[in-house]
Trainee: 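Mind having a look at this structure? Questions to follow.
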Amino acid sequence: MVDNTSQNTSDALNVAVTGAAGQIAYSLLFRLAAGEISPGRKVNLRLIEIEPAKRAAEGVTMELKDAAFPLLGDVTVHTDAREGFQDADVVFLVGAKPRQKGQERADLLAANGAIFGPQGEALGEVAPNARVLVVGNPANTNAAILAAHAKGIAPNRITAMMRLDHNRALSQAADRLDVPVSALSGMVVWGNHSASQFPDATALRAAGEPVFEKLGTEWISEEFIPRVAKRGAEIIEVRGHSSAASAASAAIDHMRDWLLGTEGDEWVSVALPSDGSYGVPEGLVFGFPCRSVNGEWEIVQGLELGEEQKQRIARTQQELEEELAAVREAGFID
């Protein structure tokens with residue numbers, strides 16, 4: 001990869017992580033401390049948690065220090081988000097309000113609006129140049145709430161994680177084709193990080209050769225698309241817990257590519273505020289094929305879409321528009 005960061009690698013990278021005592025963060029923090037998102041660069045970690053989880057976050061801090069990572073600088077714990085975000089270069093928003101028993105999706109969106117609105121305001125004031133990744137679900141709409149309140153941050157600096165879905169799609173296709181994941185390119189997951197998402201293998205290549213026909217249209221529609229979309233639920237059923245290590249790994253992949261750049265013409269799946277590409281309304285935080293160029297995400301243009309692709313994209317777009325309407329009705333977005 002080409003280093004697209006404008007900063008010298010000798011400069012410390014200030015990384016803030018919310019929900020720092022949770023399972024995803026526990027897998028994420030040690031990889032950040034090892035320097036995986038920007039090799040050779042010192043990392044200062046700010047662990048942000050709510051007051052009841054502060055002591056657990058302090059325990060994670062002890063472990064991070066005990067691991068004696070050569071690139072790890074300061075590790076601090078904060079219950080005030082504004083304090084934790086101060087001058088952050090990179091922000092992982094992992095903490096979110098999980099759905100409770102009997103709670104409707106609209107209730108979940110409203111609960112998270114109360115979290116991500118104030119976080120957006122804080123980031124806009126104290127970390128206007130930060131690269132922000134929303135991991136906590138519902139990630140796309142949480143990112144839209146954040147963007148609406150983060151007045152000092154450029155919209156394309158606020159993203160939501162589709163990389164886990166992207167990685168899941170690559171893994172399923174690699175198993176089907178009996179090839180290594182590294183041989184594949186051209187995958188994209190459109191839309192929402194939810195069951196409505198559209199994992200699209202139309203442009204998929206293995207070692208440069210088109211493989212869509214080899215996958216088989218029946219397998220794609222009957223197995224591939226629903227399995228990728230519902231993989232999180234499948235893991236909960238089998239493991240008894242939601243995805244943690246794979247989510248953390250995807251977050252690392254997302255931020256590493258953002259900082260260092262994607263390879264050549266390769267693209268990955270990123271949710272960011274739409275600029276109107278592919279007919280998606282401006283501002284809707286939507287999964288697109290993206291390249292990282294000079295440290296910024298750019299939506300890949302010119303992909304030809306068939307009628308079925310357009311229909312599936314329209315379905316996930318509709319869900320996101322409904323979610324946005326719900327948080328607007330709740331008063332979290334103007």
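Here the structure is a predicted model, which is why all the values come from computation and not from measurement. For the single chain, residues carry numbers from 1 onward in sequence order.
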Trainee: Taking Phe332's backbone N and O only, do any of them form a donor-acceptor pair with His149's side chain (distance below 3.5 Å, no angle check)?
Mentor: yes
Trainee: Tell me whether Val17 shares a hydrophobic cluster with Val135, the cluster being built from Ile, Leu, Val, Met, Phe, Trp, Tyr side chains joined at under 4.5 Å.
Mentor: yes
Trainee: Using side chain to side chain donor-acceptor pair (under 3.5 Å) as the criterion, list what pairs up with Asn14, not counting sequence neighbours.
Mentor: Asn44
Trainee: With sequence neighbours left out, write down each residue that passes side chain to side chain donor-acceptor pair (under 3.5 Å) with Glu125, or none if nothing qualifies.
Mentor: Arg82
Trainee: Tell me if a side-chain donor or acceptor on Ser27 pairs with a main-chain N or O of Ala248 at a distance below 3.5 Å.
Mentor: no
Trainee: Can you list everything that forms a salt bridge (charged side-chain N to carboxylate O under 4.0 Å, His left out) with Glu321? Sequence neighbours excluded, please.
Mentor: none
Trainee: Is there a continuous path of hydrophobic side-chain contacts, each under 4.5 Å between heavy atoms, that joins Met162 to Leu170?
Mentor: no
Trainee: Heavy atoms only: give me the nearest Val300-Tyr278 pair and the separation to one decimal.
Mentor: O-OH, 2.7 Å
Trainee: Is it the case that the side chain of Arg131 and the backbone of Gly295 share a donor-acceptor pair, with hydrogens and angles ignored and the cut-off at 3.5 Å?
Mentor: yes
Trainee: Answer yes or no: is there a donor N or O on one side and an acceptor on the other, between the side chain of Thr61 and the main chain of Ala57, under 3.5 Å?
Mentor: yes
Trainee: Where do Glu234 and Arg227 land on the salt bridge (charged side-chain N to carboxylate O under 4.0 Å, His left out) test, with the steps shown first?
Mentor: CA-CA 8 Å; Glu234 183 183 6; Arg227 188 165 201 188; 2.8 Å; yes
Trainee: With distance as the sole test, does Asp165 use its side chain to make a donor-acceptor pair with the main-chain N or O of Val189 at under 3.5 Å?
Mentor: no
Trainee: Transitively linked via ILVMFWY side-chain contacts under 4.5 Å: Leu164 with Val181?
Mentor: yes
